[in-house]
Structure formats: structure tokens, C-alpha cells
Amino acid sequence: MPDPLSINIQHLRASETVAISNEAKRRKAAGEDVLDLGVGEPDFDTPAPAAQAGIQAIQRGMTRYPPNVGIADLRRGIAHQLSTMSGGRSIDPDQIVVSSGSKQSIFNACFALFGPKDRVLIPAPAWVSYPQIVHLTRAEPVLVPGDPEWGLKVSVKDLDRMSHKQTRGLILCSPCNPTGSVYTHAELKAIAEWARKNEIWILSDEIYRRINFGPGPAPSLLDLPDELLERSVIIYGASKAYAMTGWRIGAAFAPPHVTKAMAALQSHTTTGANHPAQWAAATAFTDDRVDLEVTRMVAAFRRRRDYLVERFRTEVPGIEFVEPHGAFYFFFRVDGIRESDPVTGQSFCEQLMKQEGVALVPGGAFADDRWVRLSYAVSDADLERGLDRTLRMIRRLASARAAQVGA
Ligand code: PMP
Ligand code: GLU
């Protein structure tokens, strides 16, 4: 019997999204015809000017330790980008800490703000890593079920019902992974006012902000007045909209004392993000050619969203789904396909992989296994083939039900 591990990781489970992606890659490498519509990773290459800036940084010898909080060009670039998206609001680059992916930014912020006995509200379905990260701080994650009539978003009423005097934080994600829902300006404002009144920190994960299908970027906490931002941390990053997942660059914008704590924390963990990657990201956030690329990628995601929604509507009209307004995920419900013996997200995904060679993510990874997540950050050809197979599977399960009912 091996020695027991630390209590720090008593709740720890490996990320299901990462595990499914690894399994799809393994099967592909073994020669299987597998389509990975599981992982949330753009199929596009990093825009050339950003990649080039990374290469040049290596050639210029930017290969030593970076400043722990991030190079000045990148912090300024992020501040400029956040400011431009929020109507020129002033953003101080000194309040930004650059990390190794926004996953680390979220970890830093949670670790700096939450601890034993704290409760942290997480609207559900929720991205797989939020509850895990909150557990690592020894605080308690409290899932707040979203309203199915409202794109699975939560209202102040829902938050208030689950709140408690030990509630210290709320993690919001808009545009949302896994649903694609986007909170409106009025909804965000109402939540921020409620949080302020109750002295609750908001961690606003805005990594998908630019992948918004309405006009301009999605509404942000940064569009709200200063007094509503006193207890908030904004998470941003290069991975999604800039197709830079492997460069591992994320950022947090926070009040100065939180910035300081996050910087100190990271001075003992990573000593800052990969140095050449920071130069690549600095170009990504400021170069007009990259900006144009981002606009093109967002247009492609929107076109794929339309295609997907249209096919679900016409080919399997009884299947409930959340209409996505941003990000690149499509969340559909599987438990109603066969009422007598309800299908779970887990069993749907297992059968789909076995019978059709398509990887999707069971809703259980996001705390609701009545649903399944499909990522359309894949090529048009893979989306079409993956969808043909997924819809065939749904029809097969539904006809098995019809046969049962008829018998
Ligand atoms: N937040 C959300 C909602 C995500 O979907 C992801 C996906 N990886 C992340 C944060 C972390 O992204 P990264 O660490 O690549 O910046
Ligand atoms: N965030 C992406 C996803 O949800 C990438 C994997 C991960 O980091 O969890 O698929």
C-alpha cells in the first residue's frame, strides 16, 4: 500500500476535457478514424505575425528569465486591448499579471482570495477546472444550477438562493464554456451590484470575450463603473481568440493588493510565463494584421455555429440545445432521446466513440450529465463528418425508443 497523498489533493481528479483530447490523439496516432469534437482548441494556426515575433524573440536572445509579472510590452498590450474593448476605459498595466495560460491566472486569483471555510459560487454547467481549483484552495465550490429557459445562465435570484454568510466568491464565465451563452450588460450589472452589496469577489473569466456572435466583443465586467469593480478579477488570455493554446499565455487584471499577492505566489511557482511566448502574445494583442485574423476566425466560428444549429433544428427537431451566442461550444441534451431508459452524457459519448469514432465531452464533466458538449473549433470538413455521425447516433437511439414504444 503506497503512502497516502496529501489532504491538499483529496478532491483532485484529472481534467476530463484534457483526458478526452489525449485519448482521441492516441486513437488517431494508432490509425483509427477518429474525429475530435471534444477539446476546446481552435483548429487555426497562430497568426503569422505573432508566431514570427516568438521566433524573433528567441533569435534576439529573449531566452532568459522574464520579469515575473510579465514583460512590459505584453502587459501594456493587454491593457490596451482590454481598454479598447471597453470603450477606452483606463486600464493600468501594473494591475496585470501574466501567467502560463489563463488556467494559471485563475488558480493564482483563487489561491490569493479563497481559503478554508470560504464558499465560492459557480454557475453550472461549469468549466471542468473551476470546482477543482476552488478545492485546491480548500474552499468549498457551490454549484448554482443555471436556468434551462435562459440558456443555462444564472440570475441574482439564483445566486442569492445559494448564498450564505461564508460565501466569498463567484466565478462567472461569459461567453460560457460549455454552453456558449453570453450574459448581457444588464445581467452582468445586476450580478455585480448584488456581489458588491454582499461583499463577494467576482472572478470573471472572459477568455472567450472576442468570440462573440453579436456586434463587437461580448459584454464585460470592465464595461461597468469603477465602484462595481472593487472586488473583481478579470481573466483574459491568448489561447482561444488568437489560436495560441500551446504558447500558454494568460492574464489577470485585479486590484493592486491582489496583483501583488498573485505576483508573489507565482514568484515561487513558475517565475513567470515562457519568455519568447510573451513576445509573441505582445504582438498578437497589438498588431492590426492579427486583429484582422481574429475577426476572420470569429466569422468562421459563427458560420459553423449557424450550420450546426440549422442541422440540429431540421434533422433532430426534438433535441433540446442551448443556442450559442459566443465561444465555440454547442451543448445539447441527451436524456430525452429515450425516455424509458434515459441516456446519460457518459453513455452517449462512450457509444459515439465506439460506434462512430467521434469524441465529445459528457456533460458530467461540467456537472450535468444530462447533456453533451460538442466543440466546433474544428475544420468545416471534420464538423460535417462529425455531425453526420453524431446525428446518426441520435436517430439510432431515438428509433430504438420508437421500436420499444411500438412493441
Ligand atoms: N477558462 C475557460 C472557460 C476555458 O475554456 C479554458 C480552456 N482551456 C481556460 C480558461 C484556460 O485556457 P488557457 O489556460 O489555455 O488560457
Ligand atoms: N478549455 C478547453 C476545453 O474545455 C481545453 C481543455 C482544458 O484546458 O480543459 O476543452
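The chain is numbered in sequence order, starting from 1. Order of listing sets the numbers, starting from 1, for every ligand and every atom in it.
Atom 2 (C) of ligand 2 has its closest protein heavy atom at Lys240 NZ, 3.4 Å. Counting protein heavy atoms only, atom 6 (C) of ligand 2 is closest to Thr17 OG1, 3.5 Å. In terms of protein heavy atoms, atom 3 (C) of ligand 1 is closest to Asp205 OD2, 3.3 Å. Nearest protein heavy-atom contact of atom 6 (C) of ligand 1 is Trp127 CZ2, 3.5 Å. Among all protein heavy atoms, the one lying closest to atom 12 (O) of ligand 1 is Ser102 OG, 3.3 Å.
Those atoms of ligand 2 that come under 4.0 Å of a heavy atom in Trp127, given as number and element, are 1 (N), 4 (O), 7 (C), 8 (O), 9 (O). Every atom of ligand 2 is numbered from 1 in the order shown, and the set under 4.0 Å from a heavy atom of Ser15 is 9 (O). Listed by number with element, the atoms of ligand 1 under 4.0 Å from a non-hydrogen atom of Cys173 are 3 (C). Residue Lys240 has at least one heavy-atom neighbour below 4.0 Å for each of these atoms of ligand 1: 6 (C), 7 (C), 8 (N). Heavy-atom proximity to Asn177, at under 4.0 Å, picks out these atoms of ligand 1: 3 (C), 4 (C), 5 (O). Distances below 4.0 Å separate heavy atoms of Ile207 from the following atoms of ligand 1: 1 (N), 2 (C), 3 (C), 16 (O). Near Tyr130, the atoms of ligand 1 lying under 4.0 angstrom from a non-hydrogen atom of the residue are 3 (C).
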Verdict with supporting geometry, Tyr208 and Tyr329, ring-ring contact (aromatic ring centres under 6.0 Å, His included): CA-CA 11 Å; Tyr208 295 101; Tyr329 303 108; 5.7 Å; yes

Chi angles and distances behind the salt bridge (charged side-chain N to carboxylate O under 4.0 Å, His left out) call for Glu293, Arg289: CA-CA 6 Å; Glu293 273 300 294; Arg289 292 162 301 171; over 6 Å; no

Residues Ser220, Asp223; criterion side chain to side chain donor-acceptor pair (under 3.5 Å); working and verdict: CA-CA 5 Å; Ser220 158; Asp223 303 331; 4.8 Å; no

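At a 4.0 Å heavy-atom cut-off, ligand 2 touches Tyr329 through the side chain alone. Under 4.0 Å from ligand 1, the heavy atoms of Ser239 that appear belong solely to its side chain. Residue contacts with ligand 2 for Val361 are absent, since no atom lies close enough (heavy atoms, distance under 4.0 Å). At a heavy-atom cutoff of 4.0 Å, ligand 1 is contacted by no atom of Trp247, backbone or side chain.
Under the 3.5 Å distance criterion, the side-chain polar atoms of Ser174 are matched with a main-chain donor or acceptor of Tyr183. Proximity of a side-chain donor or acceptor of Arg305 to a complementary backbone N or O of Pro324 within less than 3.5 Å is detected. When atom types are taken as modelled, the side chain of Arg231 and the backbone of Ala195 share no donor-acceptor pair closer than 3.5 angstrom.
Checked against the 6.0 Å centroid threshold, Phe321 and Phe330 count as a close aromatic pair. Between Phe213 and Phe301, a ring centre-to-centre spacing not shorter than 6.0 Å is recorded. Taking the six-membered ring where the residue is Trp, the centroids of Tyr376 and Tyr307 are separated by 6.0 Å or more.
Within the 4.0 Å heavy-atom cutoff, Ser129 does not count among the residues contacting ligand 2. Heavy-atom separations between Arg248 and ligand 1 include at least one value shorter than 4.0 Å. Residue contacts with ligand 1: Gly101 is included, with a non-hydrogen atom under 4.0 Å away.
Between Thr245 and ligand 1, a contact under 3.5 Å exists for no N or O pair. Residue Lys103 has at least one N or O atom closer than 3.5 Å to an N or O atom of ligand 2. Geometrically, ligand 2 and Gly40 share a nitrogen or oxygen pair separated by less than 3.5 Å.
By the 30° and 60° cut-offs, the orientation of the rings of Tyr130 relative to Trp127 is perpendicular.
Contact annotation: the side chain of Asp73 never approaches that of Thr283 to less than 4.5 Å [non-hydrogen atoms, C-beta and beyond].
Evaluated for a side chain to side chain contact (heavy atoms under 4.5 Å, CB included) with Val258, the options Leu113, Val97, Asn108 yield exactly one hit, Leu113.
In summary, Asp368 and Arg373 do not engage in a salt bridge, as defined by a charged side-chain N under 4.0 Å from a carboxylate O.
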